[in-house]
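Every value quoted in this text rests on a predicted model; they were computed, and no experiment measured them. Ligands are counted one by one from 1 in listed order, and the atoms in each one are counted from 1 as well.
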Amino acid sequence: MGGATVLIVGAGPAGLVLGNLLLAAGVDCLIVERSSRTHVERRARAGFLAEATVRVLVDNGLGTGLLARGTRHDTCVFRSEQGEFALRYGALGREEAHTVYPQQHLVADLVAEFLRRGGDLRFGTPVSEVGGLDGERPWLLAHREDGTPYRLTGRYVAGCDGRHGVCRRRVPADAARPHRRRHGVSWLALLVGTPPALPAVTYAVHDRGFAGHMARTPSVTRYYLQCEPGTDPASWSEAALWEELDLRMRAERFGPLRRGPVLERAVVDLESDVLDPMQYGRLFLAGDAAGLISPSAAKGANLAVMAAETLARGFTAAVHEGDEEPLARYSATCLPRIWRAQEFSHWMIGLLHAPAGDDEESRFLRALRDSRLENLRTSRAHQHAFADNYVGV
Ligand code: RFL
């Protein structure tokens, strides 16, 4: 038994930002997390934080680590058969840059701060059931490490439990509509224990498939290599991975990559998904639990932080002022921002990929991809719009 005013499921960026903001506002909450603290603090995923995200974190006392150890990135480079060009997006559009700070470091900072603020964060505590959502006292069924179940009750539940969580599954099919697209494109996501080989994010468009290079820390680099959907990540030898990266990044023409040990590899299927509305009764979904965005434009963690901030304001108004209006508008506030990010991510997929076949549709899509890239290279208006969307959330 037990509980809190706001029961938060999941200690990823969404749940932890929400929890920290609620504690700062004096709203009683607790976070239950299925995994161990070590696991969540080591889970490498995102790295590129937009300025709006950084502002939310810094303004709420959550930015010490990222300000001290994050690095500023304001340029991206595109390589193709036609050559290479750089876009200094930090000097275009709203003139905003990214802060590169690995997600696992951000999560570790947010955990430390939540505990420092006296928060109740229960690791190793999976939630198996969520109920009472259309009544006044919603509840969770959580499990202790020995498996013993216990019930937590609250006034609201925040489903921040990611793409495979239980919360979203409790939204009745007739209460919210999913909008989904599977892009038929997969990436082999690699973390390599070597300093970035290139000074900027580099996207390589190649008829053998997309390849990408992104800084993470001074000693770790992320590489992406488009692969066949369903590929077993272990099926690539390290030698084959480097050979393919060299080929698609055109190392012979633009300079060698810095080889190093592959620390982690996973296949990511590019998928987009938006649930509308992101709420049902007393349940509010945030981050990947509410929807997925393909990693083509690096927006998932940013959207998670922004949704958490909106939700924190909603809970605070409801609890302290009895004003439920901001909570009622939660989905309507978040969805336009989410759709704008989805539209841009989808456009990026078309910029970076096209089918390899020699049939007429594949040829058409490749020519379209090349034209999109050429537009971006030559049109100043296009570059400004790109910059607005690339760093915007
Ligand atoms: P998370 O981070 O998945 O956290 C959800 C948490 O909920 C817990 N959980 C449960 N706890 C209790 N009971 C249950 N039944 C539970 N079920 C789940 C989980 O253990 C977990 O701790 O979701 P959140 O907070 O919504 O955050 C979303 C982001 O993690 C995600 O969108 C990004 O990582 C996406 N993403 C990127 N986003 C960016 O903004 N920039 C990037 O550069 C970027 N790169 C990436 C990415 C995602 C990637 N993968 C692995 C899909 C690169 C990759 C490779």
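- With respect to atom 34 (O) of ligand 1, the closest heavy atom belonging to the protein is Q103 OE1, 2.8 Å.
- Near G10, meaning under 4.0 Å from one of its heavy atoms, ligand 1 places the atoms 6 (C), 7 (O), 8 (C).
- Scanning R45, R169, R216 for the heavy atom closest to atom 1 (P) of ligand 1 points to R45.
- Using cut-offs of 30° and 60° on the angle between ring planes, the pair H179 and W339 is perpendicular.
- Around atom 41 (N) of ligand 1, the closest heavy atom drawn from A286, A298, A297, S128 belongs to A298.
- Residue-ligand proximity, R222 to ligand 1, at heavy-atom distances under 4.0 Å covers atoms 55 (C).
- R163 does not count as a contact of ligand 1, since none of its heavy atoms falls under 4.0 Å from the ligand.
- In terms of N/O distances under 3.5 Å, ligand 1 is approached by N302.
- The pair R250-E84 does not meet the salt-bridge criterion, since no charged nitrogen lies less than 4.0 angstrom from a carboxylate oxygen.
- Of the N or O atoms in P13, one or more lie within a sub-3.5 Å distance of an N or O in ligand 1.
- Nearest protein heavy-atom neighbour of atom 18 (C) of ligand 1: D161 O, 3.1 Å.
- Listed by number with element, the atoms of ligand 1 under 4.0 Å from a non-hydrogen atom of P126 are 13 (N).
- Of all protein heavy atoms, the one closest to atom 45 (N) of ligand 1 is A46 CA, 3.3 Å.
- The residues R155 and D28 are annotated as not salt-bridged, no charged nitrogen and carboxylate oxygen being separated by less than 4.0 angstrom.
- Side-chain atoms of S272 and H183 include a donor-acceptor pair closer than 3.5 Å.
- For the residue pair D388/Y89, the side-chain donor-acceptor check at 3.5 Å is not satisfied.
- A salt bridge does not link E343 with R340: every distance from a Lys NZ or Arg NE/NH1/NH2 to an Asp or Glu carboxylate oxygen is 4.0 Å or more.
- For the pair R377 and F78, the cation does not sit on the ring face, since its NZ or CZ is not both under 6.0 Å from the ring centre and inside 45° of the axis.
- For a threshold of 3.5 Å applied to N or O pairs, the pair formed by V127 and ligand 1 contains at least one separation below that value.
- Within ligand 1, counting atoms from 1 as listed, the ones closer than 4.0 Å to a heavy atom of V32 are 11 (N), 12 (C).
- With a 4.0 Å heavy-atom cut-off, ligand 1 is reached by no atom of A266.
- When each atom of ligand 1 is checked for a heavy atom of S35 under 4.0 Å away, the hits are 20 (O).
- The protein non-hydrogen atom at the shortest distance from atom 8 (C) of ligand 1 is E33 OE1, 3.2 Å.
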Yes or no on side-chain contact (heavy atoms from CB on, under 4.5 Å) for F254 and T202, after CA distance, side-chain angles and deciding distance? CA-CA 11 Å; F254 298 112; T202 302; over 6 Å; no
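- Under a 4.0 Å N-O distance rule, the pair D207/R369 qualifies as a salt bridge.
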Worksheet item: Is there a side-chain contact (heavy atoms from CB on, under 4.5 Å) between C167 and L283 once you walk through the steps?
Response: CA-CA 8 Å; C167 291; L283 170 68; 4.0 Å; yes
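- For E113 and R116, the salt-bridge test passes: some basic side-chain N is under 4.0 Å from an acidic carboxylate O.
- Distance from atom 40 (O) of ligand 1 to its nearest protein heavy atom, with residue and atom name: A301 N, 2.8 Å.
- Ligand-side atoms of ligand 1 in range of A14: 25 (O), 26 (O), range being under 4.0 angstrom from any heavy atom.
- The single protein non-hydrogen atom nearest to atom 52 (C) of ligand 1 is V268 CG1, 4.3 Å, given as residue, atom name and distance.
- Those atoms of ligand 1 that come under 4.0 Å of a heavy atom in F48, given as number and element, are 41 (N), 43 (O).
- Protein heavy atom closest to atom 11 (N) of ligand 1, with residue, atom name and distance, is R34 N, 3.0 Å.
- The ligand atoms of ligand 1 that sit less than 4.0 angstrom from a heavy atom of G162 are 3 (O), 5 (C), 23 (O).
- Using cut-offs of 30° and 60° for the angle between ring planes, the H105 and Y101 rings count as perpendicular.
- Closest protein heavy atom to atom 26 (O) of ligand 1: D288 N, 2.8 Å.
- Residue P295 places no N or O, backbone or side chain, under 3.5 Å from any N or O of ligand 1.
- Taking only non-hydrogen atoms, the option from F123, Y224, W187 nearest to atom 54 (C) of ligand 1 is Y224.
- Atom CZ of R42 has 12 or fewer neighbouring heavy atoms from other residues, nucleotides or ligands inside a 6.0 Å radius.
- Between H98 and Y390, the ring-plane angle classifies as perpendicular under the 30° and 60° cut-offs.
- A salt bridge links D273 with R180: at least one charged nitrogen is closer than 4.0 Å to a carboxylate oxygen.
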